Student: 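Sharing a structure with you now.
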Amino acid sequence: MDYFLTEEQQMIVDIARQITDERIIPARAHLDEHHEFPRDILNEMAQADLFGVAIPEQYGGFGGGVFDVVLAIEQIGRGCIGVGTAFAANFLGAFPILLAGSAEMKEKYLPAVVSGEKFAAFGLTEANAGSDASGIQTTAVLDGDHWVLNGTKQWITNGGEAQIYSVVAMTDKNKGARGASLFVVEEGDPGFSFGPKEKKMGIRASSTTELIFKDCRIPKDRLIGRQGTGFITVMKTLDLSRPGIASLGIGLAQGALDMAATYAKQRNQFGKPIISFQAVQHMLADMAIGVEASRALVYQAAKHIDAHPKDMSKVSSMSKIFATDTAMKVTTDAVQVMAGYGYMCEYPAEKMMRDAKILQIYEGTNQIQRNVVGQELNKEYAK
Ligand SMILES: Cc1cc2nc3c(=O)[nH]c(=O)nc-3n(C[C@H](O)[C@H](O)[C@H](O)COP(=O)(O)OP(=O)(O)OC[C@H]3O[C@@H](n4cnc5c(N)ncnc54)[C@H](O)[C@@H]3O)c2cc1C
């Protein structure tokens, strides 16, 4: 379907597609098998200006919005959502600074993210605070000109690989959600270290580690926005970034469909290509419908968010649920179309299916996203 992209948007798609075809697809099996972080590929993506698609021009970016991010991430997701997750986490780490940081903070960090000189990450989750982020225990206490952080963040994407971390900590535990604040912590800050790299079912090219703060001292001006506004900025950040996760789903599902359809034309059983069997055609048809419906919803959600930044939660969550549930289904069906060959590691189908699962879990599980949509509907229908 034609989405009538502008020349600039088509350029983003073309650049991301080229890097995906030439660099990501040939490397993905190796990256997956060796749990290898794709630093060289990410550097090339930065050199091609992809890290700056949603960063304002004054900080060296392209000046686009969520829709531009979605277009870039979709292409990368078609190749490998492990690489795509590492790429997308930079926006997740940079968005709090963009949304609430001071002018000096933006000047200091955003150009470095755009150029790829520094990678970014976002630290919210803890061992006992996943879906219920209000349960975080990490604290930040002001001591003269420094904040002192103590606590451990769990499962942080780009952990150990990024240089800039947007981290949520409680500055006043008595104030509940209004007692949380956001900080920039830099690699090398005293008292800041990483846990070992987690071993994962999928997206193995991405790094996932703990962030450990033991009397970690950071300058006072690393507070992002005002004290006590951490959760508000976190919610806005996630609303902005979830369509990116949805677009990983579109790309992944498109890649799985392309592979399954190509295979179905080449594989002969009972003297015919298996694509001539109606059962197989119906599976491919449902996969294609899911991919196109996801794309239409995610693109429209991203455009809505860019146009109405104060009204983003429902469409952001809807896009994430639909596109990522579709990616799980489409990748599972791709394995089914390819059957035994799909199950073997020789083909990328099994990796796609393993990778797909995380999309329904991180940046808020799809159950939590349904809660968000339900709560918004409850408000709308009360009017
Ligand atoms: C590979 C990976 C990368 C990640 N990257 C990051 C990162 O970069 N930064 C970061 O901060 N976090 C990150 N996370 C954490 C991720 O966002 C959380 O795992 C996720 O929010 C879910 O939390 P949980 O795993 O603790 O599940 P839980 O909250 O323990 O949920 C368990 C189950 O209960 C359900 N559930 C819980 N509460 C409700 C409810 N109220 N209603 C309905 N169902 C409910 C959930 O949907 C789920 O099925 C990452 C996680 C993984 C696995």
Side-chain angles (χ1 to χ4, degrees), residues 31-32 35 37 73 77 80-96 119-138 149 151-170 180 182-185 194-213 224 230-231 233-242 244-246 248-249 252 316-317 320-321 324-325 328 351 354-376 378:
L31 297 172
D32 178 64
H35 297 246
F37 186 74
I73 292 181
C80 173
I81 69 158
V83 178
T85 294
F87 174 64
N90 281 282
F91 294 104
L92 189 60
F95 280 154
F119 292 153
F122 175 79
L124 172 65
T125 304
E126 298 180 4
N128 293 314
S131 300
D132 182 7
S134 68
I136 63 167
Q137 297 295 318
T138 297
L149 272 68
T152 301
K153 295 290 168 185
Q154 179 172 266
W155 301 333
I156 305 307
T157 301
N158 285 354
E161 300 289 349
Q163 289 71 44
I164 302 168
Y165 295 81
S166 292
V167 173
V168 192
M170 298 306 291
L182 261 160
F183 299 89
V184 175
V185 182
F194 306 102
K197 219 168 144 172
E198 301 287 351
K199 291 199 171 119
K200 308 191 288 285
M201 172 196 277
I203 60 161
R204 292 173 175 169
S206 73
S207 163
T208 315
T209 72
E210 283 180 343
L211 311 181
I212 303 162
F213 306 101
I224 304 176
F231 276 136
T233 307
V234 163
M235 294 308 150
K236 285 187 190 162
T237 294
L238 292 169
D239 280 345
L240 284 179
S241 74
R242 280 187 188 117
I245 301 303
L248 283 175
L252 175 59
S316 174
S317 295
K320 197 231 172 201
I321 295 164
T324 62
D325 283 354
M328 190 71 249
K351 168 187 175 325
R354 280 190 284 113
D355 283 354
K357 190 65 210 166
I358 191 61
L359 297 174
Q360 296 176 306
I361 296 172
Y362 63 9
E363 293 209 16
T365 67
N366 284 6
Q367 287 75 36
I368 295 296
Q369 301 316 305
R370 283 181 168 85
N371 289 354
V372 171
V373 175
Q375 283 152 14
E376 292 295 322
N378 194 14

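Quick note: residue numbers are just sequence positions, from 1. Counting starts at 1 for both ligands and their atoms, in listed order. These numbers come from a predicted model, not from an experiment.
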Student: Tell me the nearest of L124, T125, I368 to atom 16 (C) of ligand 1, using heavy-atom distances.
Tutor: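 The option holding the nearest heavy atom is T125.
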
Student: Which heavy atom in F37 sits nearest to a heavy atom in K197, and how many Å separate them?
Tutor: N-NZ, 4.0 Å

Student: Need the ligand 1 atom indices (1-based, order shown) with element for anything under 4.0 Å from a heavy-atom of K200.
Tutor: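 Once the distances to K200 are compared, the set is 1 (C).
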
Student: Are any of the protein's heavy atoms under 4.0 angstrom from atom 32 (C) of ligand 1, yes or no?
Tutor: no

Student: Students often mix this up, so state it plainly: with edges at 30° and 60°, are the rings of F87 and F91 parallel, tilted or perpendicular?
Tutor: perpendicular

Student: Around atom 21 (O) of ligand 1, find the nearest protein heavy atom and jot down its residue, atom name and distance.
Tutor: G364 N, 3.9 Å

Student: What protein heavy atom sits nearest atom 46 (C) of ligand 1, and how far away is it?
Tutor: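 Protein heavy atom at minimum distance: T365 OG1, 3.7 Å.
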
Student: On a heavy-atom basis, which atom in S166 and which in G93 lie closest, and how many Å separate them?
Tutor: OG-O, 2.7 Å

Student: Taking all non-hydrogen atoms of both residues, which atom of A120 and which atom of N90 are closest, and how far apart?
Tutor: N-OD1, 2.7 Å

Student: Is there a donor-acceptor contact under 3.5 Å linking the side chains of T85 and Y362?
Tutor: yes

Student: Give the minimum heavy-atom separation between L248 and G77, together with the two atoms involved.
Tutor: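 Where L248 meets G77 most closely, the heavy atoms are CD2-CA, 4.1 Å.
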
Student: Could you pull out, from Y362, Y165, W155, the option with a heavy atom nearest to atom 19 (O) of ligand 1?
Tutor: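 Considering heavy atoms of Y362, Y165, W155, the nearest to atom 19 (O) of ligand 1 sits in W155.
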
Student: Could you identify the single nearest non-hydrogen protein atom to atom 20 (C) of ligand 1 and state the distance to 0.1 Å?
Tutor: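 Sorting protein heavy atoms by distance from atom 20 (C) of ligand 1 puts I361 O, 3.6 Å first.
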
Student: Return the residue, atom name and 0.1 Å-rounded distance of the protein heavy atom closest to atom 29 (O) of ligand 1.
Tutor: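 Here the closest protein heavy atom is S131 OG, 2.6 Å.
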
Student: Looking only at protein heavy atoms, which one is nearest to atom 49 (O) of ligand 1, and what is the separation?
Tutor: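 Atom 49 (O) of ligand 1 sits closest to the protein heavy atom Q367 OE1, 3.5 Å.
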
Student: When you look for heavy atoms under 4.0 Å from ligand 1, do you find them on the side chain of E363, its backbone, both, or neither?
Tutor: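 Within the 4.0 Å criterion, E363 contacts ligand 1 through backbone atoms alone.
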
Student: Which option out of N158, I358, N371 puts a heavy atom nearest to atom 52 (C) of ligand 1?
Tutor: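 Among N158, I358, N371, the closest heavy atom to atom 52 (C) of ligand 1 belongs to I358.
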
Student: With the threshold set strictly below 4.0 angstrom, can you tell me whether any protein non-hydrogen atom sits that near atom 26 (O) of ligand 1?
Tutor: yes

Student: How far does CG of D355 sit from CD1 of I81, to the nearest 0.5 angstrom?
Tutor: 4.5 Å

Student: Can you name the nearest heavy-atom pair linking G364 to K320, along with the distance?
Tutor: O-NZ, 2.7 Å

Student: Distance-only criterion, 3.5 Å: show the donor-acceptor pairs between side-chain atoms of residues 121-132 and protein atoms not counting sequence neighbours.
Tutor:
| residue | atom | partner | partner atom | Å |
| --- | --- | --- | --- | --- |
| E126 | OE1 | Q137 | N | 2.6 |
| E126 | OE2 | Q137 | N | 3.4 |
| E126 | OE2 | T138 | N | 3.1 |
| E126 | OE2 | T138 | OG1 | 2.7 |
| E126 | OE2 | K153 | NZ | 2.8 |
| D132 | OD1 | S134 | N | 3.3 |
| D132 | OD1 | S134 | OG | 2.5 |

Student: Would you mind running through ligand 1 and noting each atom that sits below 4.0 Å from a heavy atom of I156?
Tutor: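 Close to I156: 7 (C), 8 (O), 9 (N), 10 (C), 11 (O).
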
Student: Which residue and non-hydrogen atom of the protein lie closest to atom 8 (O) of ligand 1, and at what distance in Å?
Tutor: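 Here the closest protein heavy atom is T157 N, 3.0 Å.
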
Student: Atom 35 (C) of ligand 1: protein heavy atom closer than 4.0 Å?
Tutor: no

Student: Nearest to atom 24 (P) of ligand 1, what protein heavy atom do you find, and at what distance?
Tutor: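 Ranking protein heavy atoms by distance from atom 24 (P) of ligand 1, first comes G130 CA, 4.0 Å.
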
Student: Can you find a protein heavy atom under 4.0 Å from atom 13 (C) of ligand 1?
Tutor: yes

Student: Show, in sequence, the C-alpha distance, side-chain angles and deciding distance for Y165 and F213, and conclude whether the ring-ring contact (aromatic ring centres under 6.0 Å, His included) test is met.
Tutor: CA-CA 12 Å; Y165 295 81; F213 306 101; 8.2 Å; no

Student: Suppose we measure from atom 9 (N) of ligand 1 to each protein heavy atom; which comes out shortest, and what is that distance?
Tutor: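 Here the closest protein heavy atom is F122 O, 2.8 Å.
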
Student: Would a distance-only check, ignoring hydrogens and angles, find a side-chain to backbone donor-acceptor pair under 3.5 Å from Q163 to E161?
Tutor: yes

